[in-house]
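None of these values were measured; they are calculated from a predicted model.
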Amino acid sequence: DEHDFGDILLGMSSETLQLVLVNRGSARSGEVTVTLTGQHVGDFTITRDLCTGTHLPSGGTCIVDVLLHPTSGGGKEAVVRADIAPDHTVATTLSGNGRDSGLRFSSDSVLFGDNVTGTTRVRSVSLRNAALVTTGPLAVELTGPGASAFTITSDGCHGQALAFAV
């Protein structure tokens with residue numbers, strides 16, 4: 001079996017995939033142990049494992065939920081393995097693609113320098129879309145420590161879609 005999560009933006013999570021392990025044999029299974037292996041194991045997460053430590057009766061089932069949360073761009077692959085004692089293994093391959101949103105500010109940081117209390121300095125930044133698709137509506141906000149000391153004085157991005165630009 002194989003499951004492709006498709007394109008997932010960096011730092012975002014895919015929908016949860018529910019895997020169902022079924023004992024199709026005529027006898028109770030040995031103990032089940034579920035593991036995640038492969039080159040990109042750190043980009044996938046088992047969010048729920050109701051199989052490890054169980055013994056499935058004939059026709060019995062258990063559930064494992066997994067998702068993709070890419071931390072870098074490009075193809076991702078891992079394998080969910082269910083090892084059933086004493087010597088049986090069932091596996092499914094997971095794949096997906098970490099996709100960069102393509103949004104870039106004109107500068108990684110904006111320096112204001114030393115300011116005298118009561119004075120104002122204005123700095124501008126621009127946002128560029130290097131992705132191959134138009135964004136959805138944008139939301140602009142100031143966050144982080146000290147954000148309350150700053151004010152957005154002009155915002156031509158909020159609520160706008162940003163088209164692809166070279």
Side-chain angles (χ1 to χ4, degrees), residues 1-21 33-52 61-82 90-166:
D1 276 352
E2 185 172 323
H3 178 78
D4 185 355
F5 286 96
D7 288 343
I8 306 297
L9 289 175
L10 298 183
M12 303 298 288
S13 294
S14 68
E15 295 291 322
T16 299
L17 169 67
Q18 186 175 83
L19 302 172
V20 179
L21 182 63
T33 304
V34 174
T35 56
L36 193 55
T37 64
Q39 181 179 2
H40 303 107
V41 68
D43 290 297
F44 294 87
T45 303
I46 294 176
T47 58
R48 181 171 66 152
D49 177 359
L50 300 178
C51 295
T52 295
T61 63
C62 62
I63 294 170
V64 175
D65 291 341
V66 295
L67 58 77
L68 171 59
H69 184 87
T71 57
S72 63
K76 307 296 175 196
E77 190 170 290
V79 175
V80 176
R81 288 176 43 125
V90 177
T92 187
T93 300
L94 307 174
S95 62
N97 188 50
R99 194 185 78 179
D100 187 337
S101 70
L103 295 177
R104 301 285 185 274
F105 279 108
S106 56
S107 176
D108 289 336
S109 62
V110 180
L111 302 175
F112 285 85
D114 294 332
N115 287 322
V116 175
T117 302
T119 63
T120 301
R121 287 196 183 176
V122 175
R123 298 289 186 261
S124 296
V125 293
S126 59
L127 184 63
R128 185 173 74 91
N129 181 3
L132 298 177
V133 295
T134 299
T135 70
L138 299 173
V140 179
E141 62 183 42
L142 294 169
T143 62
S148 62
F150 297 89
T151 303
I152 297 174
T153 59
S154 175
D155 175 5
C157 294
H158 194 83
Q160 301 296 313
L162 191 57
F164 166 71
V166 180

Nearest heavy-atom neighbours spanning [X] and [Y]:
X	Y	answer
Pro70	Met12	CD-O, 3.5 Å
Thr119	Val116	OG1-O, 2.6 Å
Val79	Ala91	CG1-CB, 3.8 Å
Arg123	Leu111	NE-O, 3.2 Å
His69	Gly11	CE1-O, 3.1 Å
Pro137	Gly159	CB-O, 3.8 Å

Straight-line distance of [X] [atom1] to [Y] [atom2], nearest 0.5 Å:
X	Y	atom1	atom2	answer
Glu77	Thr37	CD	OG1	10.0 Å
Cys62	Leu50	SG	CG	7.5 Å
Asp65	Leu17	CG	CG	8.0 Å
Phe44	Leu36	CZ	CG	7.5 Å
Asp4	Lys76	CG	NZ	13.5 Å
Ile8	Ser13	CD1	OG	8.5 Å

Would you say [X] and [Y] make side-chain contact, with heavy atoms under 4.5 Å?
X	Y	value
Leu94	Val80	yes
Leu127	Leu138	yes
Leu21	Val64	no
Val66	Phe5	yes

Strictly distance-based, threshold 3.5 Å: is any side-chain N or O of [X] a donor or acceptor partner for the main-chain N or O of [Y]?
X	Y	value
Asn115	Thr120	no
Arg121	Phe112	yes
Arg128	Ser106	no
Thr52	Val34	yes
Thr92	Asp1	yes
Asn129	Leu162	yes
His158	Ala139	no
Asn97	Gly6	no

Answer yes or no: are there more than 12 heavy-atom neighbours, outside Glu15 itself, under 6.0 Å from its atom CD?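 No, not enclosed.
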